[in-house]
Structure formats: structure tokens, C-alpha cells
Amino acid sequence: MAKKKVRRAAGATATKTRVKLTPRDKKTMNSLVGLADRVVSAAEGRRDPYVDIPSRTLSNVKYSPRKRILEMGSGKNRRQLFDLSQAKAYMRTMLVASGCKRLLDQGKTTSLRGLFYMLKHTIEGSKENTFDEQNECDTIIEDVEVLLNSIREELHLYAENRGAMVGAITFTDKGDEINCARMGSGGYAIPSICEPEVIQFDKSKCKAKFILHVEKGTVWQRFNEDRFWEKHNCILTHGSGQPPRGVRRMLYRLHNELKLPLYCVLDNDPWGYYIYSVIKQGSINLAFESQRMAIPDAKFLGLRSIDFERCELSDSVKIALNDTDRKRAKQVARYPWFEKKRDWQREIQKMIKNDFKLEVESLISKDISYVTEVYVPERLQQQDWLD
Amino acid sequence: MAKKKTVTKGAAGAKPRKKVKKKVRKKRVASAEAAAPAAEPETNGEVKKSSTKRRTTAQAMAAKQRDISVSEFFAKNRHLLGFDNPRKALLTTIKEAVDNSLDACEEAGILPEIWVHIESTGVDRYKVGIQDNGPGILKKQIPLIFGKLLYGSKFHRLRQSRGQQGIGISAAGMYGVQTTGKPVKIISKVSARKPAHYYEIQIDTKRNEPKILNGKGEGVDIPPGDKGAKEIEKHGIEWVDQPHGTRVTIELEAKYQRGRGSVDEYLHQTAIANPHVTLHYLDPDGNQRDYDRAAEQLPPEPKEILPHPYGVELGRLAALLGEADGQTVTQFFTTSFSRVSPGVARKICKGAGVSPRLPAKRVDRNGADKLYHAIQSTKIAPPATDCICPIGEELILKGLHQVVPGEFYAAATRPPSVYRGNPFVIEVGLAYGGTAPTQNVTKDLLEELIEETDARTVRQFLIHTFNGLGAEAADRIIKTAGLGTRSAPGKLKPKDRAKLFDAMKNVNVSEGQMMDVLRLANRVPLQFQHAACAITQTIMQTNWRSYGLSQSRGSLPKGPVTLMVHMASVWVPFTSESKEAVASYPEIQKEIRLAMQAVGRKLGMFLRRRLRVKQQTDRREVFMRYLKEVSTAVSEINGAGQAALYDQLVKVAKKVTADADMQMDDRGRKIKAEEVDYGENVLIVDPTNHEAAINRNTKTGDDDGEEE
């Protein structure tokens with residue numbers, strides 16, 4: 001019965017809309033309508049409507065040693081309408097689904113914040129709002145993604161642009177040719193949606209030999225100003241801290257489609273380790289996207305906990321570890337994908353022993369361009385990195 | 001009643017009833033004499049300082065030493081009897097008269113109906129009339145009962161009754177004569193056919209004898225019928241025509257004030273504790289209030305018992321032994337005490353090393369001492385407990401329900417227990433919920449209350465006038481009304497009064513409201529010295545938090561709760577002469593605690609249940625709120641009919657929360673035993689339909705009460 005209905009409903013909406021749905025949109029639309037139909041049939045059968053949302057917690061994430069990425073397990077959380085603690089979340093889930101349906105119908109995309117404002121209103125007969133904060137909406141969107149097995153892009157949603165890129169590469173973005181070697185000081189802002197429909201690469205137009213990913217915009221500026229990418233013939237990216245999905249997807253596609261190796265220069269602190277881990281294996285929260293984003297061959301170039309001695313840094317650049325740092329470091333050390341790697345265990349133990357962390361910027365104390373002229377070239381030369 | 005007790009010891013030894021009367025008087029005089037030297041310190045001081053010049057001689061002093069009559073003593077020390085101030089005097093007078101009336105009616109087996117009438121006759125002067133439908137009093141007894149202190153039938157027996165010593169009403173008469181000079185007027189009628197007797201009596205304080213003023217010292221007979229009725233009216237007495245009964249009218253200097261420790265409160269509590277009584281009360285402002293009886297049956301007649309050996313003190317034991325004519329020690333024990341069989345008596349004698357055959361009179365002080373200690377170490381069955389007539393759980397519920405507005409009532413009567421050889425029973429009744437006294441007041445009544453009060457600030461006025469209203473609640477009312485904390489109630493402008501009235505109606509006072517405690521001893525309300533009373537102390541020591549009430553450490557619990565605690569006993573241990581607080585014997589406290597825990601548990605169940613129902617209701621509301629959103633969203637996605645889907649979801653919601661529905665209708669509103677087992681003796685009513693809550697308003701405010 002559900003199937004029959006799906007088709008009818010999908011057909012009906014399709015005729016109404018002005019925009020023609022892409023095959024991908026049709027798939028999304030089908031799963032959206034299926035979701036709504038289950039509610040109707042439950043109500044008709046006087047049953048309690050529910051949705052089973054794959055759980056996005058550490059306990060439901062499995063590291064696959066063969067694929068070397070994080071995968072989501074089969075654990076699900078049932079969200080019921082007639083459960084006091086879940087009723088509101090259920091209502092929000094349906095709201096987000098209807099919002100996405102509207103975007104699909106009109107063939108438009110909106111930001112996460114845009115959807116938040118689209119759906120935010122006061123519930124009839126009360127003083128309660130459907131959403132009060134954007135982060136309430138964001139988590140529900142992630143729920144809908146896993147629930148429908150459709151990624152954010154397929155729901156016509158995007159996040160704020162974050163992260164930048166320069167380098168010896170030219171590609172097309174929505175039909176426009178982008179030459180990343182001519183991006184000035186600001187670089188190319190990596191969009192939140194980097195799917196093949198938006199960005200197409202051409203192997204012949206890429207002269208770069210590798211990708212260097214740095215943690216923050218400030219460090220990236222240093223490399224860009226020193227024309228590092230020109231000298232070493234590479235692509236230079238940053239992700240403003242924890243790289244957003246757009247940046248990760250871009251790196252994944254560059255790595256896999258253009259066969260470019262990826263090297264990361266991150267801070268020497270638990271946070272830096274974790275960013276590397278996210279790029280390499282995928283994040284716990286978005287484990288369902290790992291296979292489209294994780295780059296198991298990514299290498300950790302620095303900073304290393306031995307760099308304080310190796311580079312003869314002054315005492316003044318040390319930042320003492322606090323309790324959360326220590327706790328987090330031990331947690332990271334216990335991740336199954338770090339657990340078996342002796343080099344990594346040594347690295348983390350060394351940092352805990354040091355009892356201080358180092359930022360990439362600390363290298364400036366040696367010389368302004370030490371990092372671009374000495375540190376990174378040396379590491380690359382010696383093939384001195386952690387895997 | 002410490003004075004009383006000393007008398008008891010001396011006098012109770014007297015076996016033949018008739019002699020007793022005189023003995024009592026003599027002992028009383030003796031004790032008064034003993035106290036006299038202390039009152040004249042010069043005399044004492046002089047004897048010691050004999051080295052200096054003597055001021056007087058033993059002979060001269062002897063000339064001044066003489067008998068003090070009981071009435072003289074109490075005329076001087078009237079505060080011992082509860083006549084400390086005009087306000088309390090009014091209460092004590094009414095209390096004594098009502099207690100006597102109730103005792104008389106119950107003893108005669110008549111369902112009591114009592115009329116209380118207070119009328120202002122001048123500045124700080126009131127005429128008080130109390131009438132009952134009792135058996136009446138024989139003509140020759142009237143002057144003695146009302147005109148002679150320490151004359152009565154209740155003192156010499158060990159039996160549960162309200163009055164105990166026979167001072168009360170005659171002392172009230174004496175107080176009246178002393179303060180206004182008006183005699184006590186008594187009308188008593190024994191049967192419909194016989195004429196009523198009318199007496200005007202003054203007490204001769206010097207001789208403690210009644211002095212009859214009318215009918216040349218003989219009293220007057222009033223013929224039955226209309227003619228008699230006119231004659232009664234001529235004397236200024238509001239006789240309610242009854243086939244039999246007694247009416248006493250006393251004019252006295254007094255002060256009428258409502259609130260804590262007032263006549264109103266006393267009658268209110270009496271009605272709760274005596275559900276078989278009908279009370280008609282006409283206050284000085286002409287407001288009539290009727291408390292109808294909730295039970296049509298008299299409590300069973302209490303039995304008289306012999307004292308229990310454990311309760312007897314050494315001095316009294318020796319005195320009793322001395323008066324046991326021609327009895328052996330064994331015979332003495334078996335006939336003078338309860339629960340002593342010849343076997344037990346022999347054991348006591350053996351333990352004391354006294355021969356059981358020894359004539360009781362020949363036991364000396366030392367022997368008595370040994371016997372006394374032997375009694376304590378011998379196992380003797382506890383006293384018979386059928387001599388006590390508790391109110392009973394059912395009647396407590398009825399009485400409370402009749403008088404205290406609320407939604408939940410529970411009662412518990414403990415099995416009899418014993419302290420110091422005296423059997424006693426503790427009963428507890430609890431009423432929860434209902435409207436606060438501040439919300440029951442009508443605007444007119446509030447105006448009157450404001451006029452009457454002598455409180456200096458509005459805050460004081462609120463706290464003192466309304467029972468159970470805490471300081472917190474008073475502050476909140478004042479704040480809501482927007483009045484100054486210091487403003488005097490008398491100076492409030494009409495606008496401010498209106499504001500105060502609105503605030504009283506609107507502020508939810510039950511948050512800061514203290515538990516209202518009604519203490520009763522042998523069905524008589526105790527209104528003063530609550531802090532000294534075992535009942536209050538035990539309530540404070542009990543943890544009420546586990547029963548769903550909030551309570552600060554070492555204080556009464558908070559909430560809209562009325563707790564009635566009744567102690568029935570052949571001898572209630574009061575802490576002082578004025579019968580105002582029960583002494584804290586551990587046995588009594590334990591029983592009080594157990595009884596309170598029994599009702600507390602039931603209250604806890606009720607409150608938890610109500611909380612759950614509230615949660616269930618909230619739950620449904622949450623679902624209902626989101627259903628519209630869900631149905632709109634779904635119909636937007638797949639084009640399903642929004643209205644139809646919404647209706648279907650509502651049906652599911654109702655199904656899911658069906659049990660909440662059921663509980664909502666039953667719990668907290670109607671009684672349904674199979675749902676929650678509160679055990680017995682619980683009454684749950686719909687608070688909106690409560691009679692007392694409605695009656696109070698109209699009765700106190702609207703009726704002008706001219707019918708009497």
C-alpha cells in the first residue's frame with residue numbers, strides 16, 4: 001500500500017512544481033514521502049507513529065580495519081510521537097522533512113540557518129517555539145540525513161562556506177572555470193557542496209603533485225604569502241579548525257580522482273590529533289559519510305611533540321596542558337585506529353609527558369617563514385611523517 | 001491542676017462519698033494556709049531577726065491567722081482558673097458552661113443541643129447565655145452547683161469526662177459578680193409539665209456559700225406556658241423553649257475578639273470533636289452560626305474504673321492503706337485497685353516482705369514504701385481500656401468534613417495504651433486542601449475584622465486573625481495589595497481595604513501556610529500554650545516531608561493541612577492548672593507519633609497520586625500541542641488530508657493516554673476504592689462542592705441572626 005501511495009503522491013507533487021527533479025532529487029523525494037506515508041498508515045491503524053533513526057554515538061560506530069575508515073553500526077534509536085521525552089523531537093523531525101520537501105519542490109537550496117528560520121514559528125495554542133536555537137535544528141537535520149540515508153546536499157541544504165584553497169589546479173564550479181593559481185591572497189572559498197554536479201575536475205588541468213592541508217586560516221596565509229604551493233607545486237587548503245564537510249569532500253575528491261597524496265600540518269595538541277583522525281577515518285557524528293569523505297592514506301606531517309627539542313624552540317611557546325587536554329589525549333590514544341600504531345602511541349605519550357602543547361604558529365619564534373622554508377620542506381624531504 | 005492534685009492525694013482516701021465534700025474543702029484550706037506564710041514575708045523575716053527589737057508578738061500574729069476559704073483564694077488567684085484577662089475570661093466562662101452541659105447531656109443519654117449567646121451590654125461588658133437540652137437540675141442543687149466552688153460529681157471518680165473538679169462554672173459566676181456586680185441567673189427545667197426554677201445567685205466568697213437573691217432566698221418557680229415565657233423575658237433571659245434543660249446567664253467584664261484563642265475557635269473545634277452535638281452560636285455582632293450534628297448517636301457511656309497500681313504514688317498509697325478499715329493487705333489491694341487478683345496481691349506482698357494477712361491499717365510508712373517498690377517490680381496486667389470512649393475514626397471524618405473545608409480526610413484511632421497506670425487513647429484526624437481562611441472572608445466581615453482588631457500593623461492583623469496563616473503568606477498578601485508593611489489596619493482607606501480584600505482572595509496562601517493544629521483532650525479543645533504541649537512537640541518531631549508536605553527542621557509542616565489530635569483518658573496529664581497543654585510522657589508521644597504516621601502515609605499516597613495525575617494531564621497536553629504541527633508537516637510532504645490525519649492522531653493520543661484520562665476523573669475528585677488502596681477511614685471529596693467552604697461565607701456574613 002505504501003508503495004502505491006508513494007508513486008501517486010510523488011507524481012502529484014511533481015506536476016505541481018515548476019522545477020524538474022533530477023534523478024537524485026527523485027530518490028530523496030521518494031524517501032521523504034515514504035516517511036510521511038508511514039505516519040498516515042500508523043494513524044489509520046491507531047498505532048503510535050515512530051521513526052527509527054540510526055544512532056550517531058561512539059557506541060554505534062565501528063572502525064573497519066580493512067577499509068581503514070569509521071562505519072556506522074546497525075544500532076537505531078526509536079523516536080516515538082507518543083513518548084513524553086521524544087514528542088517534540090518527533091515533531092521537529094517531521095518539520096525538517098517538510099522543509100526539505102519544499103526546497104526540493106522549488107529546486108532551491110538554503111543554508112542551515114535559512115531552514116531554521118523557515119521552520120521556526122510559535123506552536124498554535126501555546127507560547128512554545130518549534131525551535132529556539134539553530135543547533136536544535138542542526139541536529140535534527142543530521143537525524144533526517146541518516147534517517148533517509150540522504151546526505152545534506154541531497155536535501156538541498158548547505159552550510160556556511162568555510163575553508164580556502166589555492167594551488168596549481170584549474171576546475172569548473174557550476175560552469176565557471178576556476179584557476180586556483182590566480183586567487184590572490186584570499187584563495188578560493190571551498191563551497192559546502194562539492195559534489196560532481198557542482199564541481200568537475202579535469203586531470204589534465206592539474207599540475208599539483210600533492211595536497212598540503214593546514215589547520216587554520218592564519219597558517220594558510222603564511223604559506224600562501226610565501227607562494228609555497230608555487231615552489232613545491234601543490235594544492236594548499238585549510239579547514240578553519242575541524243574541517244567542515246565541504247572541505248573534507250573536496251579533499252576526498254582531489255585525493256581519489258586526481259590521485260594526490262595528502263599531508264596535514266596541524267597543532268600539536270589532542271584537538272590537532274582529532275582533526276587528523278577525522279580527515280583520515282571520518283567523524284563519529286557523521287560516520288555515515290565516512291566512505292564519501294575519509295582519506296585513510298592522509299599523513300600527519302606535524303607538529304610533533306618531539307619538535308620542541310628538534311627545532312630548538314624557546315620555552316615561551318609552550319602552552320601548558322589542562323585537565324581536559326590530558327583526558328582527551330588519553331581518549332584519543334584509546335581509539336581503535338590509534339591503538340595499534342606504536343608511533344602514534346609514542347607521540348601521544350610524549351605530549352602527555354611534555355605536559356605542554358604547541359601551535360603551528362610557535363615556529364614563527366624561530367623565523368617568520370621557518371615553517372614554509374625549513375620545517376615542511378625538511379619533513380617532506382625526509383618523508384618524516386606519522387601515518 | 002497541680003493544686004487539684006494535691007487535693008486528690010489527701011482526699012481520695014475517703015471512702016464514703018458524702019464525707020468527701022467536706023474533706024476536700026478542709027484540705028484545700030490547709031494547702032492555702034501552707035501557702036500563706038510565703039505571701040507575708042515580713043512575718044518570717046521577723047522571727048529570724050529576733051536580736052533586734054520585735055515588731056509584734058506571737059499572740060498578736062495569732063490573732064490575724066485564720067481560715068482562707070477556697071473562694072477567697074481563687075478570687076485572688078483567678079488566673080489559675082483561666083481568668084487572666086478579659087478576653088480569656090469570656091472564653092473560659094463559655095468553655096466551662098459548654099463542657100458542663102455536654103457532660104450532663106451525655107450522662108443522661110440525651111443528644112446535646114447547645115445555644116451560646118454573647119451580647120454586648122456596655123464598654124467591655126458582655127452578657128453570656130448558655131443553654132442546653134440536658135436533664136435539668138433539681139431545685140435544691142442549683143445554688144450549690146453554681147454558687148459554691150469545688151462542688152461536683154466528677155472529681156471523685158476515675159472516668160473520662162470533660163470537667164474534673166467542679167470549680168469552673170461557679171468560678172465564672174464569681175468572676176462575673178466581682179467584675180459587674182450582676183448575679184448569675186439560672187433557669188432549669190426538669191420536665192415539660194413541671195415548672196422551671198429561676199435563681200439569681202451570688203457567691204459568698206468569705207464562706208464559699210451561695211447567696212440566693214430572688215424569691216426571698218428561695219428562688220422562684222416559673223409556670224410553664226406563655227405566662228412563664230413572658231416572665232423569663234422580663235429578667236432579660238433568652239430562654240429557648242425546651243421541655244427540659246438549663247440556661248445560665250452571666251454578665252461579666254470581657255473582651256470579644258476573633259482569631260486565635262477565641263470563643264469562635266473553641267466552638268469550631270468543639271463541633272469537630274463532638275460530632276453528635278448541635279451548636280447554635282450568636283456572637284456579639286449578631287452573626288448566627290449553626291453547627292449541625294454529623295452523628296445521630298451518642299458516644300458510648302464511659303465506665304468508671306478503679307486506679308491501677310502502677311499509677312499510684314507512695315503518699316497516696318500510704319493514705320489509702322490508712323483508711324482501709326478492717327481489710328487485710330490482700331483484700332485492700334484487690335478491692336481498691338484494678339487488675340489486682342489475690343495472686344498478684346500475694347506476689348506484691350512477697351516482694352515487699354509484708355504478710356498478706358496483715359491488716360492494712362497496720363502497715364507503717366516503711367512497709368508502704370516497700371509495697372510501693374514491690375508494685376513497680378511486679379508484673380500487673382495493664383488497666384482495662386474499655387473505660388475510654390474515643391470519638392472514633394468514622395465520626396472524626398464526619399466531624400472534620402462538616403467543619404473544615406478540604407478535599408482529603410483521613411483518621412486514625414490508636415488502640416488503647418497506658419501511661420503511669422492510666423489508660424488513654426490517641427486519635428488523629430487530618431484534612432488536606434480546601435480554601436484558606438483568607439479566601440473565605442466576605443468583604444463585610446473583613447471590614448468588621450479591621451474595625452475590631454487591636455493589631456498595630458496589617459501584617460499582625462492578618463497573622464493573628466486568620467488561623468494557620470504564616471508570616472510569609474501575610475507578606476505576600478500585603479505585597480500584592482501594594483500596602484505599606486507598617487500601615488495600621490484601622491487607618492486603611494476604603495480603596496486600600498478593597499485592594500487588601502482582592503489580594504486576600506487572589507494570593508495562594510497555601511504555599512507558606514502552616515499546618516493548623518487542633519489539640520483536644522477528652523473532647524475539649526486546648527487553645528493555649530501550644531509550644532509546651534506534647535502534641536505540638538510530637539508533630540514537629542515527626543518527619544512530614546516523606547508524606548509530601550514541606551517542613552523546616554523543628555517546626556510545623558507547611559501546607560493547607562488541618563491536623564486534629566485527640567487524647568482521651570481517665571486522667572489527662574496537663575502541664576499546668578489551666579488545662580492548656582498535655583504533658584510529654586514518652587508513652588503518649590509514641591502513640592501520637594504512630595497515629596500521625598498512619599494518617600501521614602495515607603496523605604502521602606494521596607499527594608503522590610495527585611502529582612502523577614497532574615503529570616499525566618501534562619503529558620496529554622504535550623502530545624496535543626504537537627499533533628497539529630505533525631499533521632501539517634506530513635500533509636505537506638505527501639498531500640494527505642491534514643484535518644483527517646489530525647483527527648486520527650488525536651484519537652491515537654487519546655488511546656495512548658487513556659489511563660491518564662481514567663485517573664483524572666477519579667483521583668482527587670471522586671472516591672474509588674478499587675483504584676488505590678488507602679486503607680480504611682479515608683474520605684475524599686470534590687473540593688468545589690464542599691459545604692463548609694460555602695456555608696462559612698454566607699453564615700458569617702449575611703445572616704443577621706435575629707432568630708434567637
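In what follows, every heavy atom counts, from backbone to side chain, and hydrogens, waters and symmetry copies are set aside. Fair warning: this is a prediction, and the values are worked out from it, not measured in the lab.
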- request: Could you label the plane-to-plane angle of the Phe82(A) and Phe623(B) rings as parallel, tilted or perpendicular, counting under 30° as parallel and over 60° as perpendicular?
  value: perpendicular
query: Highest number of heavy-atom pairs under 4.5 Å with chain B: which of Ile123(A), Leu32(A), Leu35(A)?
result: Ile123(A)
message: A side-chain contact here means heavy atoms from C-beta on lying under 4.5 Å apart; do Cys100(A) and Ile637(B) qualify?
response: no
Test: Arg292(A) and Glu195(A) ion pair at under 4.0 Å: yes
- prompt: Is a salt bridge present between Lys101(A) and Glu636(B), judged by a nitrogen-to-oxygen distance below 4.0 Å?
  reply: no
- request: Against chain B, label Thr130(A) side chain, backbone, both or neither, depending on which of its atoms sit under 4.5 Å from a heavy atom there.
  value: side chain
- prompt: Which atoms of Arg47(A) come close to chain B, meaning under 4.5 Å heavy atom to heavy atom: side chain ones, backbone ones, both, or neither?
  reply: backbone
field: Lys/Arg N to Asp/Glu carboxylate O, Lys479(B) vs Asp475(B), below 4.0 Å
entry: no
- prompt: So which residues of residues 48-60 of chain A are in contact with chain B at a heavy-atom cut-off of under 4.5 Å?
  reply: Asp48(A), Pro49(A)
Nearest heavy atoms of Arg249(A) and Pro196(A), plus distance in Å: NH2-CD, 4.3 Å
- request: Sorted by first residue and then second, give each side-chain hydrogen bond (donor to acceptor under 3.5 Å, both in side chains) pair with at least one member in residues 643-652 of chain B; sequence neighbours left out.
  value: none
